There are 2 protein chains.
Amino acid sequence: MTERLNVAFAMSAVSLERVFPPARMSEIGQVAEICGILTEFASAQARAVLAKTDVIVTGWGAPFVDLRVLDAAPGLRAVLHSAGSVKAYVDPEVLEHGVQVSSAAAANAVPVAEYAVAMIVLAGKRALPIAAHYRAVREAFDVEAVFPRIGNYGNRIGIVGASKIGRLVIGMLRTYELEVVVYDPFLTDADAAALGVRSVSLDELLATSDVVSVHAPSLSSTIGLIDRRGIGLMRPGTALLNTARGEIIDQAALTERVIAGEITAILDVTTPEVLDADDPLFASDHALITPHIAGSMGRELGRLARSVRDELMRLSAGEPLAHAIDGRTLAITA
Amino acid sequence: MTERLNVAFAMSAVSLERVFPPARMSEIGQVAEICGILTEFASAQARAVLAKTDVIVTGWGAPFVDLRVLDAAPGLRAVLHSAGSVKAYVDPEVLEHGVQVSSAAAANAVPVAEYAVAMIVLAGKRALPIAAHYRAVREAFDVEAVFPRIGNYGNRIGIVGASKIGRLVIGMLRTYELEVVVYDPFLTDADAAALGVRSVSLDELLATSDVVSVHAPSLSSTIGLIDRRGIGLMRPGTALLNTARGEIIDQAALTERVIAGEITAILDVTTPEVLDADDPLFASDHALITPHIAGSMGRELGRLARSVRDELMRLSAGEPLAHAIDGRTLAITA
């Protein structure tokens, strides 16, 4: 038996337009009653909507869901977040009052992992430095002589952080004939074995990997995690891929080695978030700088909307949510 | 029961050094007797080796194995080719005399398919044009406004040619949430259904795909297969990936659309094989030109050596070869 739930949307107007354009909103309308579109929870109008709301769908730029919201929405059963980290949008105390919280973090992890795996393969092939070299010399050259570490077969890939995305990357790499090592201080040897990888120290990872891919959360403990000394451990020809957070890496130290042509940097995130116009990384053939595109973009936002719709359908059918978050996880997840 | 077979290697000195350096040669030596290293089959010295040879391992630059070689090697049971296409190296008549032929084409297809899948994902993300745009403007910009077709979820990927590599690409794409269509005049609807794809005309493929990836063999019938008219059918923002043969595409027509910024070209093969130094594709931000690196390079050559060793072990154990080629296939395979 399926129940028709009252759903209020709460997020920035831009997020609503990106993630729930009319076609997708109408798909939601097929499985639930859309009772309001909110950008805040305080006005009389918002409180009138909340009074009849069973489910709040939050998203980027959503107003904070706390106990006052719960007071206004006594029938609230669930907050379904249509983006990755829900931490900034929901007070953990809300969960203690029986409200379920779920996020689209799993759906949002997919494009990042796909992007990382693609870049790992191309880094192993040295595709970008080879294209730059070819463009510079414009004649035939002995690729294996100029790029002696070319090729993916048996390459060692170092994953920094066994996060949701890091684990997805590890899973996707399983079908490739690569050796995957992981650094994560919270990963037990048993967990690593279950993932089919070997847990190593950060130093060993940096010193021995052919491609290093960063998937650590941005916490005070991870700022500068890959510091100048760590950057120095990487062998010439190593590629460093960062789709997580810029501040995890000592970018000044990295830049020096990139400019020297020793390291290839594939950075989807930087410090600052938008590089200064005169940053030497922009001009280097050994750097590929993108403006934070690895996550859900364009049509990939449809996967977030689908994740929310699927959770709504489960809730309506009395089934457990697939991506429920407990209070403890909510408090610590980045 | 395992037999110890006499194996002669026949290929160019460069190929031998690349595919069978000492460490890999010694792995072969563990499963068979290496009775000679040949670069030709005509000298008295070569014939003395052939007289005791059970298996010839061929490779790039190998001398041609024909009936005269069989006369000199009456005990010859198999030719194991350590590269992709064996057509240029073995006379089909040899098979009629009970000699088995096997190739490492399956192993050689792996890096090409991995490369194509990685490029398909990055093309869907518009990663290279976005990086070029970011490098040009050097400030924050609305990525989805400038690149409205960004994102892989639900993207349509057009595979031209259900070849060994094409099928491997299709298999690898199965775990992605993409729509795959295929053009191959020899593919039946039942075959397409078994591959989980839809068979379409080349025109429909070009006009509707977000990324087109070419995996057709180089035959007289495929030269200019994607002609000026076909190039014209592709929508702005489409990416064209060629890891097969340059002459399949009308490169002049493609270049015009690339220079106009309408099409992204990712070309691992071109016409001529090495572009003229003043070719405008070198300078375009909408083209990534690599010098035929998608196939086995560097450490990926180890996969070819392993494939040969595995076939040798099967032969020694009296098991059927995993990659045997019949005479008909030998005659038509590119």
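In what follows, every chain begins at residue 1, and chains take the letters A, B, ... in the order their sequences are listed. Treat the numbers as computed from the prediction; the structure is a model and nothing was measured.
The contact between Arg149(B) and chain A is made by backbone and side chain atoms together, counting heavy-atom distances below 4.5 Å. When heavy atoms are compared at a cutoff of 4.5 Å, Ala287(B) approaches chain A solely by way of its backbone atoms N, CA, C and O. Heavy atoms closer than 4.5 Å to chain A are found in the backbone of Ala294(B), but not in its side chain. Looking at Asn155(B), the atoms closer than 4.5 Å to chain A (heavy atoms on both sides) sit in the backbone and in the side chain alike. Neither the backbone nor the side chain of Ile120(B) comes within contact range of chain A, judged by heavy atoms closer than 4.5 Å. Interface remark: Phe147(A) contributes no atoms to any contact with chain B (heavy atom separation under 4.5 Å).
Counting heavy atoms from C-beta outward, Pro111(B) and Tyr153(A) have side chains that stay 4.5 Å or more apart. A 4.5 Å side-chain heavy-atom check between Tyr134(B) and Thr290(A) finds every atom pair outside the cut-off. Taking the side chain as every heavy atom from C-beta outward, Met297(B) and Val143(A) approach each other to under 4.5 Å. Side-chain contact between Leu122(B) and Leu122(A): present, with at least one pair of heavy atoms (C-beta onward) separated by less than 4.5 Å.
For the pair Arg299(A) and Glu177(B), the salt-bridge criterion is not met [side-chain N within less than 4.0 Å of a carboxylate O].
The candidate from Glu139(B), His292(B), Arg18(B) with the greatest count of non-hydrogen atom pairs under 4.5 Å with chain A is Arg18(B). With respect to chain A, the highest number of heavy-atom pairs below 4.5 Å among Ile289(B), Val121(B), Val137(B), Ile130(B) belongs to Ile289(B).
Once rounded to the nearest 0.5 Å, the distance linking NZ of Lys125(B) with CE of Met119(A) reads 10.5 Å.
Judged by distance alone, the side chain of Glu300(A) and the main-chain N or O of Asn152(B) form a donor-acceptor pair under 3.5 Å. Of the possible donor and acceptor atoms, none in the side chain of Arg135(B) sits under 3.5 Å from a partner among the backbone N and O of Leu288(A).
Closest approach of Ile293(B) and Ala127(A) over heavy atoms only: CD1-CA, 3.9 Å.
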**Report entry** Worked verdict on Leu301(A) versus Glu144(B) for side chain to side chain contact (heavy atoms under 4.5 Å, CB included)
**Finding:** CA-CA 11 Å; Leu301(A) 299 166; Glu144(B) 289 164 346; 3.6 Å; yes
Query raised in the report: Step by step, would you call Val117(B) with Val117(A) a side chain to side chain contact (heavy atoms under 4.5 Å, CB included)?
Result: CA-CA 10 Å; Val117(B) 168; Val117(A) 169; over 6 Å; no
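Other residues, nucleotides and ligands place no more than 12 heavy atoms under 6.0 Å from the CE atom of Met313(B). Heavy atoms of other residues, nucleotides or ligands lying less than 6.0 angstrom from CZ of Arg309(B) number more than 12.
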